[in-house]
Every structure is written in C-alpha cells, then in structure tokens.
Protein chains: 2
Amino acid sequence: MRSLKLRNIDLNLLVVLDVLLAEQHVSRAAERLNMSQPAVSRALGRLRETLNDPILIRTASGFTLSSRAVLLRGELDIALRDIERVIEPPSFDPSTDDSLIRLTGLDMEIGLYFPVLIKRLRKIAPSMRFEVVRQEHDSFPMLERDDVHFSLSGLAPMSAEHSLHRKTLQEMKVVCLMAENHALAHGSMTAEEYANTPHGLVSITGRGPGSMEQVLAQHGLQRKVALRLSGFTSVADFLEDSDLIFTLPERLAERIAQGRKLCIRPLPAPLKANSVRFYLYWHERYHNDPRMIWIREQLSATLA
Amino acid sequence: MRSLKLRNIDLNLLVVLDVLLAEQHVSRAAERLNMSQPAVSRALGRLRETLNDPILIRTASGFTLSSRAVLLRGELDIALRDIERVIEPPSFDPSTDDSLIRLTGLDMEIGLYFPVLIKRLRKIAPSMRFEVVRQEHDSFPMLERDDVHFSLSGLAPMSAEHSLHRKTLQEMKVVCLMAENHALAHGSMTAEEYANTPHGLVSITGRGPGSMEQVLAQHGLQRKVALRLSGFTSVADFLEDSDLIFTLPERLAERIAQGRKLCIRPLPAPLKANSVRFYLYWHERYHNDPRMIWIREQLSATLA
DNA sequence: TTAGATCATGCATTTGATGAATACATTTAA
DNA sequence: TTAAATGTATTCATCAAATGCATGATCTAA
C-alpha cells in the first residue's frame, strides 16, 4: 500500500519545476508555461519549501542549479514522461496489436456475421487473435463477468442493464420455412392456415413463448408448437418431408434452406408487422477502448 | 522541449485515482486519503472528465474497472513511484557512495587538515574518491564555477559572495618563525625590533599588503618585506641561516619548523591582538547535499 | 417493504492560487 | 559614482475551485 506522502504536496508544481530547471530563469519559464512571472516566482518559492532546497541559486549571471536540482532534472524528466503516458489517450495500432478478442453468440447468428468480420479484421490486424466462445443460456452475464468482449444476439436484456451498450447490426423480416412439399408451400397463406399448422420453435433461452405468440393473440389466434429446439443447426433436418413450419429471421432461413429441400414463404399479411433485429452487445468497460471501437467500426463497414 | 499537456490537468488527481483503482470504492478510498467521501466523489468526476473514460463502472456489487482503468493501474503505479523518488530527500549511504569529491586549498594548509580528514572518510566510505585540485590565485571562483566542492582557506571572500558558505576550522595565533641563530631568537622582542627586521611574506593572492601591515600602522610602524613567496613549501629553506622573519599562523609555523634549524617566537605583545582563522568554504549549491553535509560533519569530528 | 449502504449533488464556505503594480536587488553602461 | 536595465520577490485585492455538510438518489439484502 502506497504511502500518502504525495497527498501532502502539490504535484502540479512539478511541471513548473521541470521548466524552471530547463530555463533556469523565472521570467522565461513563466512565458513558456503561460503563467505570469509572479506566479512562477511563487511556485518556485513553494518548491523550495516543499523540497527543502534552494534549487535555483542566484549568481552574477542568472541562476545555477543546486546539486539536488541537478539530480532532480533527470528524475523529474522520467517522472513527467511517465505521467504523460498515463494521461495520454491509449493508442491502438491494428497492424501490431495482438490482443485476444473474445466473442460469443448463437451458432447460426455467429455464422451469419462473424466469419466475414474476422476475415476483414485479420487482414488489417494480422496479429490480433480471436476466440469464439460457446454461449451460455444468456450471454449478458458473460459480458458482465468480462468473459467476452462482444456478444451477438437478437435478444434485449431483461432488466435495465445500465452497463451494456449495443449496436443494431441488421433489421430483417421474419419468414416461414417449410418443406418444399409442404401443404402451404404454394399459393398465399392465411393467418388461420398459419396458426393451424404444427410449428417448430427455436428457443434461445429455453423457456417461455416466442414472439409470434403475442402477434397471434392480437388476432385472437394461437398456434401449437410441436417441436422445440435449442439451436438452429438441425432445423433443416427436422423440416424436410415434415408438416412443420419454422418462423425465422429471413437471412437465417435462407442459410438453413441452402441446398435442402425447403422453401421460404412470407408470413401471412396480417402477421407481417413485426421484424427482428440483431444486435452487437458490449460492456461499458470496453465502450471507450480504442481496440473495441475499431472492431465496431469494422463491423459496420462489413455491413455497408 | 516537453509539451505542456500537463499544465492543463490537475496532477493531484492522480493520487486519488491511484487509491480509487486499488479500492474500487469511493468511501474506502476517501478514508485512506483522509478526504471526505464527497471530495473523492467529485475527484472521480473530474478524473472521468479529464481522462474521458468512466474508469469505475457501477455493477450490482460495487465498481468494476474499465479496460482503460486496468491499463492505468499499472502505468500509474510506475508514475507515482517515480514521483516519489523525485520528492524524496536524496539518500546517502557512505558505505556504498562512490562520488568524486574535489577539494582545493594551499599546499601547506591542505597538509594540515586534509590528510587526517580523508583518512577518516575513506574508512567509512571506501568507495568515495577524492581529488585535491591545485588552487588558483583565488579559490572562490573555483567554488563558483563548480570546479571543486570544498576549499580550505584562511581568506575571506572579497565582496559579499552570497552563494558561499563556510565553517571555521580552527582559530590560532600568529607567531614569528626565524632561524635558530637569528638575532631575535632569544629574549623578548619589542614591536620596534620586529618592525625593523627584514621580513618574508607568503602572499596567497600574489599582491597587496599582508594583514600585519595594518597592525603595524596602528602603532605608527611599518616593516620592510624583503622576500615575497607564493607558497609555504620553501619557507624553511629561505629562513635557515638568514636574518628574515616570517610571520605565520602557529600550526603552520610548527610544521615548517619541524626538523629544521628554526625557532618559533611569539609576536611582540603590542602586536599580538590579531589571530588567524582557517575556513572550509563550499558553494550554496552543495549546502543541502547530504554527501557534503556528511563530509562537513566528519571534518568537525576530526577537529574535536 | 424497510433498513442499510453507497455514491452523487446543492449550497455555503474557505482555501489558496493569480495578476497588476511595485518594491527590491544586482549588473551593466556611461 | 550614478543611471538605466534586467530580473526576482512581495503586497494587496480578486477570483476560481476544492471542500465539507447535509441531503437526495439508487441499489441490495433481509
């Protein structure tokens, strides 16, 4: 535990001392410091008092340094340089930075955004390292605990988590994904037809109703969820040759449908209102971190 | 030339920051700093403003550090340690100190005081190095110019040299030194007899009358200086088998007479008043230097 | 819901740094 | 030796800013 010697002295005097030692001349020092000559003279007086040493000694031609002052000059130079490093906003150079950046998110969402981002980052910051961390049920506590720097999520934090920041990556409509040979695969679909078909649901938190339940309720409808999955990976396998419908964000649905016997259909017009957003979340503690700011900017660039 | 970034920020805040980073708790930091809690809270506010970073971030259980704060902790620790070194009175350890100490003085006076001093110093400070420098006509400018740390002299500086300090080493009477077979070598000597004998004079500055001239003048007398020397070394050689008298400080006379056919006689009573002092001089710039303070103390000890 | 803990803020106070003018000291030039 | 010049310290009034007290706001835990 550091002693409190420093509490009892005015560290601001050190800046004046530095210039005084360099100039050995009160008036010139004052000019360089943008202070009045009396102010510097007094500061010198206080320094003499504090350090218990005359520091500058009058001679026929100006001032000379005391032996203490000669020592001080070197030590002070080091100390002030260190302080400047403290004060200075932290610098960041992508070309040399070797930080380890930890990210999390759901498998499918990650696949949608992170590969292209990280490809871009590695091109500009070849020494930077990345780690995609398996997401827990809820990624917000992971941010809180500093397990990860970023979390990609379509959810909103439950309570008002004041320490989290986020940025909307994309907003997209929700579509229906079903087998090519599904009864509703062709022609238009009514809200009632939609509600009466058995549904599949990817529940990230593992519990509670999906957002569609609310929308249906507004139309006096409700649906039957016949299958509940905790991830997107096997959605296609369940859908092919099945009577199920999954209601998913458009780009996710496109991904899942790729190369499978599935087809994407718009939601029935009355239910179309709501859309889905994906967010990038980070913790307050990295809000000003130039590395993280840079990454956020790069992500925006990949989306543009 | 250092930029003046540091002029615009309050360095005293850094001490508070240091404790805040360690405690991550405003009230505890306040206690450790002997400040009120509001004062620390405001200081934290100013720090946030200055560094443009939240530093401490509220969480459910107290504060966490921002990423900037994590960096700061290390940098600040170094900076404050360096500042402490600046503030701290310079330490001095005789057993390890290897300073080079430069001294000057007249040959004979040096022989009187320095050998015993340096013997003592080398015993306690074996790594310290010493250099006895040939004295110029006047040793005071050498002190002014920082050619030497100490000067041994019986003179007083001409003008009021405010930058010089001195310490009386010894006070001694002045005696007459003459050949054993000198006419005045036995019996008492009157002031007139003294004045009428041819004199030798060691003139350190090389010019001007000696101090005896003044004393004689007060008695309406004056003497004839037949021989003028610029040092003491050869005084004995000039005195043996000669009619000259040298008027010298007692201990110097004893030294010179040692093993030679010379004898020491007191001054005639009326002229006896004045005595001679030897001083150790040093420059203001070393007045607070712990090494020089120590040396001065050691010199006193050798004289005691 | 209450009690307890902790940080932020409004307000009044006080400390202490500042600037303008000036006194003081010393050196240089005449 | 005096006068001018240079540079530093000091006096005094002013003003900015930090502080402390009391209080408000927020959150945790029982």
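Lettering follows sequence order; numbering is per chain, from 1. Since this is a predicted model, take the numbers as computed values, not measurements. Excluded from the calculations below are hydrogen atoms, water molecules and symmetry mates; all remaining heavy atoms, backbone and side chain alike, are included.
Contact annotation: B:H25 side-chain N/O to C:dA5 OP1/OP2 distance is not under 4.0 Å. In this structure, B:S41 reaches the C:dA8 phosphate: one of its side-chain N or O atoms is under 4.0 Å from OP1 or OP2. At the phosphate of C:dC7, neither OP1 nor OP2 sits under 4.0 Å from any side-chain N or O atom of B:R28. B:S36 has no side-chain polar atom (N or O) that falls below the 4.0 Å cut-off from OP1 or OP2 of D:dT19.
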### Query
Which is it for A:D146 and A:R285 under the salt bridge (charged side-chain N to carboxylate O under 4.0 Å, His left out) test, yes or no, and what are the steps along the way?
CA-CA 9 Å; A:D146 201 18; A:R285 88 184 99 228; 3.6 Å; yes
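Look at CZ on A:F63: it is 5 Å from P on D:dT8, rounded to the nearest Å. The distance between atom CD of B:E31 and atom P of C:dT6, rounded to the nearest whole Å, is 11 Å. Protein atom CD of A:Q37 is 11 Å distant from nucleotide atom P of D:dT10, rounded to whole Å.
Using a 4.0 Å heavy-atom cutoff across all strands shown, B:S27 reaches sugar-phosphate atoms only and no base atom.
Take the nearest nucleotide of DNA chain C for B:R42 and for A:R58: the residue whose nucleotide is more 5' is B:R42.
Ring geometry for A:F150 against A:W282 counts as perpendicular: the plane angle is over 60°, on a 0 to 90° scale with 30° as the lower cut.
One finds no salt bridge joining A:R73 and A:D77 here, because no Lys/Arg side-chain nitrogen approaches an Asp/Glu carboxylate oxygen to under 4.0 Å.
In this structure, of C:dG19, C:dA8, D:dT10, it is C:dA8 that holds the atom nearest to the side chain of B:V26.
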